[in-house]
Amino acid sequence: MMKNFKIIIASLIMTFNYHIISGQVGINTPAPNQNALLEMFTSNKGLLPPRISLVNITSASPLAQHVKGIIVYNIVNNAFVNEGLYVNNGSQWFRLSTEDIPFGHVKYSVLTSDHSGWYLLNGRSISSLPAPAQTNVASLGFVTTIPDATDRYFKAKTGAEVLGTTGGNSTVTLVQANLPTMTFNGTALSAGSHVHTYTDRGNTSVNAGGAGNNNADDTSGTYTTSTAGNHTHTYTVNTGGSATPVSIDPKHLNLNVFIYLGQ
C-alpha cells in the first residue's frame, strides 16, 4: 500500500514539474522568485484564466457572490460589459484594461467621418456598418438605424423614453417664469403738488409783440407751469427686448457626434 502511494506522488511531480522551495512554488522553474508565492516559467505557453459570462459590473453572476481579488475573463459583450479581463473589488467588477473603450460611448469631434472604431451618428442603416459594428450596436438595443445626432444636443434617457429617439424644438420661448423676479423703481424729483419748467424757443416772426397781438409776451425763454395739483407720472424702461431669439449654441460649433462600436 505504501509503495503504490509513493508511485502516485512521483508521477504527479513528473507530470507538473513543479518545485517547492521555502514556501515558494515554481512551475517549470527550480528557483521561483522569493517574492512570489507562485512562479510559472514557459517560453511558448500562457496563463488561461477562468472564462465566464458576466451580466453587468454590479452583479456577481455567474458567481454566487462578489469575492475581492477574483480575476476572470469575461466572454460576452452587452450594454454593460465588454469582453476582457475583470477583477472584483468585493462589491463590483472592474475591467483591467484601460485602453479599450466600452461600446456605446459617445463623443463630440471636429472630424467628419468614421475613425478608429468611432462611427458618425448620422441616422444611417445598421446594415451599412461593418459586421462587427452591427453586432455591437445591436447589443446596445438599436435594431434598424443608428440615431441621427446632426444639429442636436444629447441628454440623458429618462423614464419611458425610447432609446435613440430624437426630437425637440429648434427654438425655445421664454416666459416670465423663466426670468428672474425684478421690480424697477423710480422716484420723481418732486412729490405731491408741484410744477414743471419748460423751455419755449419762441418765434419772433410769428409772435412778435405789437398792438393787438395777444402773444406779445411769447418770446424765447424758460417758464414755469402753474401748479398742477397732486399728480403722478409714468415712465417706460427700455429693456432692449424685441422678440429676437436668443442663441443657446455653444461657442464651438460644427462638432459631430460619434458612437464607439469597436474596431
Side-chain angles (χ1 to χ4, degrees), residues 1-109 111 113-120 126 129-142 146 258-263:
M1 184 67 178
M2 182 61 69
K3 182 177 180 180
N4 291 340
F5 179 75
K6 290 181 178 180
I7 292 174
I8 293 174
I9 293 297
S11 177
L12 288 174
I13 293 175
M14 291 177 63
T15 301
F16 292 100
N17 189 22
Y18 70 89
H19 302 266
I20 302 177
I21 301 176
S22 302
Q24 282 75 42
V25 177
I27 298 179
N28 287 335
T29 175
N33 190 288
Q34 294 299 302
N35 295 297
L37 182 63
L38 171 65
E39 180 181 354
M40 295 175 287
F41 176 80
T42 179
S43 60
N44 58 2
K45 293 179 174 62
L47 174 66
L48 186 61
R51 290 156 291 176
I52 65 175
S53 298
L54 296 179
V55 177
N56 55 56
I57 62 172
T58 58
S59 172
S61 180
L63 276 64
Q65 63 184 31
H66 290 291
V67 180
K68 182 181 292 188
I70 277 189
I71 298 177
V72 299
Y73 188 90
N74 172 52
I75 60 175
V76 299
N77 288 303
N78 57 38
F80 308 104
V81 291
N82 291 329
E83 185 171 348
L85 285 170
Y86 281 79
V87 63
N88 197 289
N89 72 345
S91 60
Q92 70 178 64
W93 297 99
F94 287 91
R95 194 152 189 249
L96 291 180
S97 173
T98 58
E99 296 182 358
D100 292 341
I101 304 170
F103 301 138
H105 274 216
V106 295
K107 72 172 183 179
Y108 287 90
S109 174
L111 297 177
S113 59
D114 303 340
H115 59 279
S116 305
W118 292 94
Y119 291 83
L120 181 65
I126 290 177
L129 302 174
Q134 290 186 39
T135 300
N136 295 333
V137 76
S139 70
L140 298 174
F142 299 107
I146 58 176
F258 293 83
I259 185 172
Y260 187 77
L261 300 176
Q263 302 185 64

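The analysis underlying the following values was restricted to heavy atoms, covering all of them including side chains, and did not include hydrogens, waters or symmetry mates. Positions are given from 1 along the sequence.
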In chain order, what residues pass the side-chain hydrogen bond (donor to acceptor under 3.5 Å, both in side chains) check against His115, with sequence neighbours excluded?
Lys107
Tell me, please, which residues at least two apart from Ser43 pass side chain to side chain contact (heavy atoms under 4.5 Å, CB included).
none
On a heavy-atom basis, which atom in Leu47 and which in Met40 lie closest, and how many Å separate them?
CD1-CE, 3.8 Å
With sequence neighbours excluded, residues passing side-chain hydrogen bond (donor to acceptor under 3.5 Å, both in side chains) with Thr42
Asn44
Locate the shortest heavy-atom distance separating Val81 from Leu54; write the atom from each residue and the value.
CG2-O, 4.0 Å
Which residues satisfy the side chain to side chain contact (heavy atoms under 4.5 Å, CB included) test with Tyr108, sequence neighbours excluded?
Phe154, Leu255, Val257
Please name the pair of heavy atoms, one in Pro62 and one in Ser53, separated by the smallest distance, quoted to 0.1 Å.
CD-O, 3.2 Å
Of all residues at least two apart in sequence or in a different chain, which pass the side chain to side chain contact (heavy atoms under 4.5 Å, CB included) check with Pro50?
none
Determine the minimum heavy-atom distance between Ser109 and Phe258, stating which atoms define it.
CB-CE1, 3.7 Å
Taking side chain to side chain contact (heavy atoms under 4.5 Å, CB included) as the test, write out the residues that go with His66, two or more places apart.
Ala60, Asn88, Trp93
Would a distance-only check, ignoring hydrogens and angles, find a side-chain to backbone donor-acceptor pair under 3.5 Å from Gln134 to Leu129?
yes
Gap separating the CG atom of Asn56 from the CD atom of Gln92, nearest 0.5 angstrom:
9.5 Å
Shortest non-hydrogen separation from Glu39 to Thr29 and the atoms involved
O-CG2, 3.9 Å
Working to the nearest 0.5 angstrom, can you tell me the gap between Leu96 CG and Asn74 CG?
11.5 Å
Could you walk me through whether Phe94 and Tyr86 pass the side-chain contact (heavy atoms from CB on, under 4.5 Å) check?
CA-CA 5 Å; Phe94 287 91; Tyr86 281 79; 5.7 Å; no
Roughly how far, to the nearest 0.5 Å, is CD1 of Ile27 from CG of Leu38?
5.0 Å
Can you give me the closest heavy-atom contact between Ser139 and Asn136, atom names plus distance?
OG-O, 2.5 Å
Output the distance between atom CZ (Phe142) and atom CG (Leu261), rounded to the nearest 0.5 Å.
9.0 Å
Quick check for you: to the nearest 0.5 Å, what is the distance between Ile146 atom CD1 and Tyr119 atom OH?
10.0 Å
